[in-house]
Amino acid sequence: KKITSPTQIGVKQTLAQYQQTLQTDSVDKQKLQSIVKQVLIDNPDVAGKYFRGQKQVIGFVMGQVLRQLAKKSDPAQVKAAILSALENNK
């Protein structure tokens, strides 16, 4: 996203615009868990790969979940939900 330069608007306004671009939307935990569960059902090989040491599959699952959320969600929250779902389905 573009942020207008401080010469056109005040520094405080520029900082406010910058902070706004970094904000994430809150996600309902039930909805997040439901989406994570569905992504794991749709991709049954992910859990096996993860437990065999291929940790990079978490990135793939995160991408699928974030795409379905269609919001600017907190990646740490999404990752925690994925790891929790994987551990619960061991």
Side-chain angles (χ1 to χ4, degrees):
K1 291 186 173 185
K2 283 189 173 183
I3 299 175
T4 53
S5 70
T7 58
Q8 296 172 353
I9 61 172
V11 174
K12 287 183 181 181
Q13 291 171 329
T14 302
L15 288 174
Q17 285 180 352
Y18 177 72
Q19 288 173 341
Q20 188 176 16
T21 63
L22 298 178
Q23 286 182 334
T24 57
D25 296 329
S26 62
V27 178
D28 178 39
K29 286 186 179 187
Q30 296 287 58
K31 181 177 180 181
L32 178 59
Q33 290 172 348
S34 171
I35 291 173
V36 168
K37 184 177 179 181
Q38 187 59 47
V39 169
L40 292 176
I41 289 170
D42 292 346
N43 300 282
D45 59 325
V46 167
K49 288 180 180 180
Y50 175 77
F51 290 116
R52 285 193 301 272
Q54 295 181 6
K55 306 297 185 197
Q56 68 271 20
V57 297
I58 296 299
F60 167 76
V61 177
M62 283 183 66
Q64 298 299 310
V65 171
L66 290 171
R67 182 182 303 153
Q68 289 188 24
L69 284 172
K71 288 184 173 184
K72 188 175 178 183
S73 304
D74 181 17
Q77 182 184 15
V78 173
K79 185 175 182 178
I82 294 167
L83 293 175
S84 174
L86 285 171
E87 291 299 322
N88 290 337
N89 293 332
K90 245 183 182 178

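Note that the coordinates shown come from a computational prediction; the quantities given were computed from them, not determined experimentally.
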For a quick test of your reading: what N or O donor-acceptor pairs under 3.5 Å do the side chains of residues 58-70 make, sequence neighbours left out?
none

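- Here the OG atom belonging to S34 is positioned 15.5 Å from the NZ atom belonging to K29, to the nearest 0.5 angstrom.
- With rounding to the nearest 0.5 angstrom, the CD1 atom of I35 is 9.5 Å from the CG atom of D28.
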Return a table of donor-acceptor pairs under 3.5 angstrom between the side chains of residues 42-51 and protein atoms on other chains or two or more places apart.
from, atom 1, to, atom 2, distance (Å)
D42, OD1, Q38, NE2, 2.8
N43, ND2, V39, O, 2.9
D45, OD2, K49, NZ, 3.4

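- Between S84 atom OG and K79 atom NZ the span is 14.0 Å, to the nearest 0.5 Å.
- Applying the salt bridge (charged side-chain N to carboxylate O under 4.0 Å, His left out) definition to pairs two or more places apart or across chains, those involving residues 80-89 are E87-K90.
- To the nearest 0.5 Å, atoms NZ (K55) and CG (L83) are separated by 8.5 Å.
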